[in-house]
Amino acid sequence: MRTATLGPAQRAESLAAMAERELDVLVVGSGVVGAGIALDAVTRGLSTGLVEARDWASGTSSRSSKLIHGGLRYLEMLDFALVREALKERGLLLERLAPHLVKPVPILYPFEHKVWERLYAGMGVALYDAMSMARGHGRGLPTHRHLSRRHALRIAPALKKDALVGALQYYDAQMDDARFVATLVRTAVSYGAQAANRARVTGFLREGERVVGARVQDVEAGGEYEIRARQIVNATGVWTDDTQAMVGERGQFHVRASKGIHLVVPRDRISSSSGLILRTEKSVLFVIPWGRHWIIGTTDTDWDLDKAHPAASSADIDYLLERVNSVLAVPLSRDDVEGVYAGLRPLLAGESEATSKLSREHTVAHPAPGLVVVAGGKYTTYRVMAKDAVDEAVRGLDQRVADCVTEDVPLLGAEGYRALWNARARIAARTGLHVVRVEHLLNRFGAMAEEVLDLIAADPSLGEPLHAADDYLRAEIVYAASHEGARHLDDVLTRRTRISIETFDRGTRSAREAAELMAPVLGWDKEHIEREVEHYEKRVEAERESQRQPDDLTADAARLGAPDIVPL
């Protein structure tokens with residue numbers, strides 16, 4: 001199997017190839033579900049296309065809590081089937097499909113009550129572990145353990161002594177959500193799928209009642225393509241209703257958006273060797289280790305404003321700080337916050353007025369001949385959603401198609417990752433990089449780290465870190481543009497790396513250096529570099545301004561002050 005390269009030439013070729021002849025399946029939307037559908041379809045032998053209006057994972061799938069988890073709180077709702085399904089997927093990702101991207105993470109749950117809470121929570125987590133082990137997908141994760149207050153405070157000295165009477169520690173898993181999606185797309189392309197980002201569906205083609213294709217606008221180069229397909233899958237998440245409206249078919253369900261915001265703070269601001277989970281009056285709050293940082297989240301509020309750029313208001317930030325400070329001995333302030341991001345969860349509407357109680361199950365429907373729609377669900381179970389969507393599409397193909405095989409298809413970079421990890425000291429000696437740098441590359445690219453190292457071998461200056469974001473090597477910026485489909489500075493600083501939320505300057509000090517590294521790959525001249533940098537700076541300022549606003553309405557208005565894409 002070849003390693004796919006998603007550079008500028010590949011994108012142009014993919015658009016032309018998709019328009020040249022009818023596909024079996026065209027997937028609209030490249031969040032984790034859309035990318036998963038493309039991989040599922042192409043590995044069944046179907047000719048497959050994938051189009052995305054903006055960038056891979058630019059919506060919900062880059063703005064999650066970065067957790068791959070079974071959904072411990074769904075046990076409280078007695079949703080055993082959803083938890084069992086998610087735990088199986090968590091195990092597959094950790095052990096087989098993406099061990100380079102998905103890693104175990106310890107989580108501490110402080111108790112406020114001595115007896116009943118320990119019994120209640122202990123029974124729930126014991127069942128959680130048992131369900132994980134039952135099907136053999138719990139290997140590699142330690143089981144939970146009960147802790148005294150003294151032991152819990154040794155693990156998390158940041159906690160107030162009077163904030164807990166004891167604790168329980170269990171394990172889940174985490175990943176870089178945007179990197180995971182980009183790797184999914186590359187894996188699908190390596191098996192023969194055609195994929196293009198910045199390719200917006202503007203309408204659908206119909207013959208009578210049947211949907212037979214889509215009109216796709218090339219947002220980058222201009223022009224419009226007619227892409228015909230025997231089955232089209234709408235996997236546009238919170239945009240599901242908008243996409244369905246283009247067809248004139250509203251379907252059997254609607255999708256509502258629930259906003260969740262997260263804060264990023266430096267690791268030294270909270271002294272703990274474990275993540276935390278805290279109960280709030282509405283849901284739960286996570287404090288998750290993230291490299292040299294912590295991610296704190298999330299909120300859960302209804303959102304009916306701009307879907308492309310959900311804005312975090314000052315009230316959102318205050319809410320999270322207030323909740324986490326209730327248990328911290330040294331409280332956090334606004335000055336401790338490096339980054340803020342907001343995302344929208346696609347929830348199936350009609351279950352309840354409270355968004356946290358809306359269904360996290362997914363639904364697949366066939367509202368018109370030739371059109372399949374999938375919505376709802378959670379990040380962890382993307383592969384199951386993809387399988388169900390392709391199964392539904394196959395019913396309309398009138399031919400025998402192989403069953404789903406993605407349970408046994410590792411993502412690019414997984415094969416050989418463990419062997420390279422064991423050889424990381426030797427790789428460091430060979431390349432002249434510090435072993436910590438090699439580990440960083442292996443945990444972001446897996447076996448594909450060798451491709452990044454090849455860039456450094458050809459140009460040793462690429463082995464240097466970015467001046468204002470030294471967690472990342474200059475080679476990673478070049479690789480994002482040459483291999484991972486990054487088309488704009490925002491793609492690189494926000495999704496291929498996470499510099500936009502991991503630095504106090506939100507990436508503005510790295511913008512020019514990154515743009516100059518991308519320029520030779522993407523054919524930018526000095527004027528284009530200036531436009532990219534200016535656009536990114538305006539975007540950051542609009543986000544900062546939105547976070548100073550008191551409510552959703554004013555925050556949304558402030559965020560929309562920056563243009564969506566770089567003007568031509």
Side-chain angles (χ1 to χ4, degrees), residues 6 27-43 48 50-71 82 85-86 88-90 92-94 97-98 100-103 172-189 193 195 197 233-240 243 255 257-258 260 262 298 307 341 343-348 360-364 372-390 404 406-407 409-414 484-485 491 494-496 498:
L6 302 184
V27 186
V28 181
S30 184
V32 69
V33 176
I37 291 168
L39 178 59
D40 188 295
V42 75
T43 53
T48 304
L50 173 67
V51 291
E52 162 59 46
R54 294 187 295 155
D55 184 30
W56 323 129
S58 55
T60 303
S61 294
S62 61
R63 307 178 190 189
S64 73
S65 298
K66 323 300 185 204
L67 288 174
I68 294 290
H69 62 107
L82 181 61
E85 181 179 82
K88 175 187 174 182
E89 295 304 310
R90 184 191 71 176
L92 284 170
L93 290 166
L94 278 165
L97 303 184
H100 56 312
L101 301 176
V102 180
K103 305 293 180 181
D172 257 318
Q174 69 175 162
M175 47 68 217
D176 181 330
D177 47 10
R179 172 144 303 280
F180 189 94
V181 175
T183 307
L184 259 181
V185 174
R186 290 187 69 190
T187 306
V189 172
N197 55 359
V233 183
N234 174 7
T236 52
V238 294
W239 287 272
T240 297
T243 309
V255 174
S258 167
H262 296 79
T298 180
K307 296 187 181 77
Y341 65 94
L344 301 177
R345 303 177 193 87
L347 302 178
L348 298 180
R360 295 308 298 272
E361 297 279 5
H362 67 273
T363 293
V364 176
V372 172
V373 58
V374 56
K378 55 204 291 285
Y379 201 111
T380 304
T381 55
Y382 81 90
R383 196 189 62 82
V384 178
M385 295 176 67
K387 173 186 178 298
D388 290 349
V390 177
C404 174
T406 54
E407 192 169 317
V409 177
L411 272 56
L412 285 182
E484 297 182 325
D491 300 341
T494 306
R495 285 172 290 278
R496 303 308 184 279
R498 308 321 285 263

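Below, each value reflects all heavy atoms present in this structure, side chains not excepted, and no hydrogens, waters or symmetry copies.
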Chemist: Let me check something: any side-chain donor-acceptor pairs from residues 34-42 under 3.5 Å, sequence neighbours excluded? List them with distances.
Modeler:
from	atom 1	to	atom 2	distance (Å)
Asp40	OD1	Arg44	NE	2.6
Asp40	OD1	Arg44	NH2	3.1

Chemist: Pairing donors with acceptors under 3.5 angstrom, does anything connect the side chains of Thr380 and His69?
Modeler: no
Chemist: So, are Asp176 and Lys103 salt-bridged, with charged N and O less than 4.0 Å apart?
Modeler: no
Chemist: Got Pro346 and Thr240 here, is their nearest side-chain heavy-atom distance under 4.5 Å?
Modeler: no
Chemist: Does the side chain of Arg496 reach to within under 4.5 Å of the side chain of Asp55, using non-hydrogen atoms?
Modeler: yes
Chemist: Please report the C-alpha distance between Val32 and Met385 in whole Å, then the side-chain angles of each, then the deciding distance to 0.1 Å, and finally whether the side chain to side chain contact (heavy atoms under 4.5 Å, CB included) criterion is met.
Modeler: CA-CA 10 Å; Val32 69; Met385 295 176 67; over 6 Å; no
Chemist: Which word best sums up how the rings of Phe180 and Tyr379 line up, parallel for under 30°, tilted for 30 to 60°, or perpendicular for over 60°?
Modeler: perpendicular
Chemist: Just wondering, do Asp177 and Lys66 contact through their side chains at under 4.5 Å, heavy atoms?
Modeler: yes
Chemist: Are side-chain heavy atoms of Arg495 and Val181 found at a separation under 4.5 Å?
Modeler: no
Chemist: So, does Thr187 use its side chain to make a donor-acceptor pair with the main chain of Leu412 at under 3.5 Å?
Modeler: yes
Chemist: Can you tell me if Asn197 uses its side chain to pair, donor with acceptor, with the backbone of Gly485 under 3.5 Å?
Modeler: yes
Chemist: Would a 4.5 Å heavy-atom cut-off, applied to side chains only, mark His262 and Arg63 as touching?
Modeler: no
Chemist: Do the non-hydrogen side-chain atoms of Ser64 and Gln174 ever get within less than 4.5 Å of each other?
Modeler: no
